[in-house]
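Chain identifiers are assigned alphabetically (A, B, ...) following the order of the sequence lines, protein sequences preceding nucleic acid strands; residue numbering begins at 1 within each chain.
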Number of protein chains: 2
Amino acid sequence: MTDQSTAPRPTLEAVAARAGVSRATASRVVNGGEGVREPLVERVRRAVDELGYVPNQAARSLVTRRHDAVAVVIAEPETRVFADPFFALQLRGISKELTAHDSQLVLLLTEGRDDHARVARYLAGGHVDGALVFSLHLDDPLPGLIHGVPTVYGGRPGWSDASRGAVYVDCDNRGGAREAVRHLVGLGRRRIAHISGALDQTSAVDRLDGYRDVMADADPRLIVESDFTPGGGERAMRELLDRCPDLDGVFAANDLTAAGALRVLRERGRRVPEDVAVVGFDDMLPFTEQADPPLTTVRQDIEEIPATTPSRRQPRFRRHRPSLGLACSRRHRPPRGPARSYGRRFPATQAGA
Amino acid sequence: MTDQSTAPRPTLEAVAARAGVSRATASRVVNGGEGVREPLVERVRRAVDELGYVPNQAARSLVTRRHDAVAVVIAEPETRVFADPFFALQLRGISKELTAHDSQLVLLLTEGRDDHARVARYLAGGHVDGALVFSLHLDDPLPGLIHGVPTVYGGRPGWSDASRGAVYVDCDNRGGAREAVRHLVGLGRRRIAHISGALDQTSAVDRLDGYRDVMADADPRLIVESDFTPGGGERAMRELLDRCPDLDGVFAANDLTAAGALRVLRERGRRVPEDVAVVGFDDMLPFTEQADPPLTTVRQDIEEIPATTPSRRQPRFRRHRPSLGLACSRRHRPPRGPARSYGRRFPATQAGA
DNA sequence: GGCTCGCTTGGGAGCGCTCTCAGCGCACCC
DNA sequence: GGGTGCGCTGAGAGCGCTCCCAAGCGAGCC
C-alpha cells in the first residue's frame, strides 16, 4: 500500500505546469471552466486526473472567505434527547441538502451551559458560512451570544430579546395540534387529554396552545406536562388515567410520548381506539418502534424540511406545515402526500433584518 | 443589533499594531505565549480582547497543514439505523473528546453506495486531520477508497484486503457474548436462543461466535438472524417461540432487539426471567425505553470509548471490553464499575503500518 | 572589560489559492 | 488597411498566518 499521506499533494501550480497553462487558467477550469477554450479545459482536466489534484480548501477559503461548511448546533444537554430519532432524521435531511451543495456539516454539540461561549466563539470565528441551531430552550442564552454568522433556528426560539426577529424554520405546531384535536373531536371524543412536551420548548408550548384553541373549556386536569419521551408518556398517561378515568381521547405532544401512553393504556386494559383514541405528532413511529396498536399522527416531513438552496451563499429554507394523518386510527402515514408548504421563503440572514 | 458580519474581522496584524509588537510576537501569544515576556503577553492579550480577535483558521491551516477537525463517517444507508441511540451516544462521546482537544467534528453521512467516492474524495482532500469510520458492512468498499488520511474504524471492519491491518476500536464482542451466555448457563438455562444482529456486520458475527463458543452443540434452530432493531427482535422472538417453545433463555445481539423480544415474550405470556431469562448487549436501555421487565445487559461504555489523546496530532484510542451486567436479572447496570480496558493502545495511523 | 551564550523579538518568506488587470490575438467593421 | 472591441490568457498581488532566521540585549564568566 503506497503511503500517500507523506507524498506532498499536488498544487494548482503543478497542474498548470503539466497542462502547459498558467495557474489562473488551471484555477478557472477547476472552478467550472467558464471562459476557457475547450482544448485547454481538456488538458487541464487530464492533468488534474493524472496528478490526483484536490484543491486545498484552506487556501481557497483564505481568499474567498467562503468555507463550504455549515455548523449544526444541537443545544441539548441531555444525551437522551439527542438520541431522539427526531434529531437523527433532521441531521440526515440537512446532510443531504448540504451535500447537494458541496457543503460540509460541522456538528457542534453543547455540553451544558458553559459550553455556549465556546460555540459562540467558534461561530464568530468565521469557520463556517452559516449556522443552524436546534433544540433551543426558552431561556437559552445562545441567541444572544451568536454574532457574525447567518443563523437559522430549527424551531421557533423563545421570545427573548436576542432572538427577536431571528430567522427560523418550524412546522405549524399550533395548527397541527388543532387539526389533531379536531380529528379526535370528529371521532366523537369529548374527554380529550393532552400530554404536552417539556414546556420550556416552544414546540411544546405551541402544541399545547393548539390543543387549547380547540378545547377552550377543557377540564384542566386533562392536561399533563411531560418531556417528549416514552417514559414520560407512560408516567403522564398513568397520571391522567388516575385523574380522569373517563377520558376517551389523547393528543400526545409527539410520537414517543404517544408510544409510552399506548403502553400504559394497554396495560390498564383500555382498547385503542375503541375506548381511547390516540393521536401523536411527528410521524416518527416507523423509526422508533412498532406502535401497538398503530397510531394516528400528525405528519411532519422532517427530513425534507431543509429545502433547496437557490444560491450557495444564501441558503433558504421553507416553513413547513404538517399535514394531518388521518381519519382512520390504523395507519401510520397520511394519504394526503407530503407536507404542504406555505410557499413563503425566508432568506437565511441574521436577525434584525 | 450591530451587524458584525459586515465589519472586517481584525487580523493578527491589527492586534500586533495595537499592542505595539510584531506580528510574530502576537502570534506567539495567541498560540500560548511560550517564550514571550510577561508584559508583552499582557499587552497582546488585552489587544486581542479589545479587538475581539479570532484567528483565521484557513490562514492557519494553510501553513500548519493542521485542521483541528476530524471527520466522522457513518456509512449507514438506512435512516432507521442512524437513528439508533447507539450512534447518537458514540457521536456525543466523540464530540466531547474532540472538544477537549479543540477539534471540530465534521459529520459525513453516506447516501448509499455511490456516495462513497464523494466521502473518499473529501477525506483525500486534506480537509481533516483524521477520520473515524463507523458502521461499516462486511463488503463495504469504503476502506479501499480511503487514502491519505489517518483512519480509525469504529468496530472491526471485515477482512477485505483493503481493511487488512486497519486500525480499529471495538469492544470484545465475542468475549462479551460468551460472558452473557455463560451467565444464562449459570442461571441453569439449557435451551438458550440467540437473536443475532445483521450478519453483514462484524459485531453481529462476533457476538454470534461468542454464543457458539459456549453453546457449541446448540440446536441450530435456536439461532435467528435479525437486524439490531426492536421490530426485528419481535419477529425473531416470534419465530423462536414457534420453533422452540421450550426455550428458557435468550441472548439478544443488542438491547433494542432484546426490547422487542421482551415485548413478544410478554405478549405470549412468558414470565421474564422466571420462564425465560433474557440478556441484551450494549447497556442502551436507559436511553431507549423503559424495558419491561428490566433486563440484564452486557455493558459497553459507548460514550467513553473515545479516550484521551496524549498528542493532538496522533489521537489514540483504547480498546474496551464490556463488563458483564450481572447476576440478578433486575438491574440495568453492572455493579462492577466502568468497562475495563485492555491497556493496549493503538496509534491512529493508517493501515499498513 | 570583553566575549560568549541564551533568551526575546522582529523581519520576511511563503503556504496554495483566487481574482483583478493588462495584454494579446482575432474577427469584424468601416 | 487600420481601428475597435471582445474573448481568452497570464502575470502578479495579496488573503492571514506561522515559522525560520538573524539581530538585539543582558547576564555571566574569564
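For the pair B:Thr99/A:Arg118, a side-chain contact is recorded, criterion being any heavy-atom separation below 4.5 Å from C-beta on. Side-chain atoms of B:Asp140 and B:His116, non-hydrogen and from C-beta on, do get closer than 4.5 Å to each other.
Minimum atom distance to the side chain of B:Tyr53 is reached by D:dC17, of the listed C:dC15, D:dC17, C:dG11. Distances were taken from every side-chain heavy atom of B:Val36 (C-beta onward) to each of D:dT18, C:dC17, C:dT9; the shortest belongs to C:dT9. Side-chain atoms of B:Ala24 lie closest to C:dG11 of the nucleotides D:dA11, C:dG11, C:dG16. Comparing D:dC8, D:dT18, C:dC17 by their closest approach to the side chain of A:Arg60 singles out C:dC17.
In the interface, the side chain of A:Arg23 is paired with the base of C:dT18 through a donor and an acceptor atom under 3.5 Å apart. A donor N or O paired with an acceptor N or O is found under 3.5 Å between the base of D:dG10 and the side-chain atoms of A:Arg28. For B:Arg65 against C:dG16, a side-chain-to-base donor-acceptor contact under 3.5 Å is absent.
Look at B:Ser22 and you'll find a side-chain N or O under 4.0 angstrom from OP1 or OP2 of C:dG10. A close approach under 4.0 Å does occur between a side-chain nitrogen or oxygen of A:Asn31 and OP1 or OP2 of C:dT18. Regarding contacts with the backbone of C:dG10, a side-chain N or O of B:Thr25 is found under 4.0 angstrom from either OP1 or OP2.
Between B:Val21 and B:Ala26, the shortest heavy-atom contact is CG2-N, 4.1 Å.
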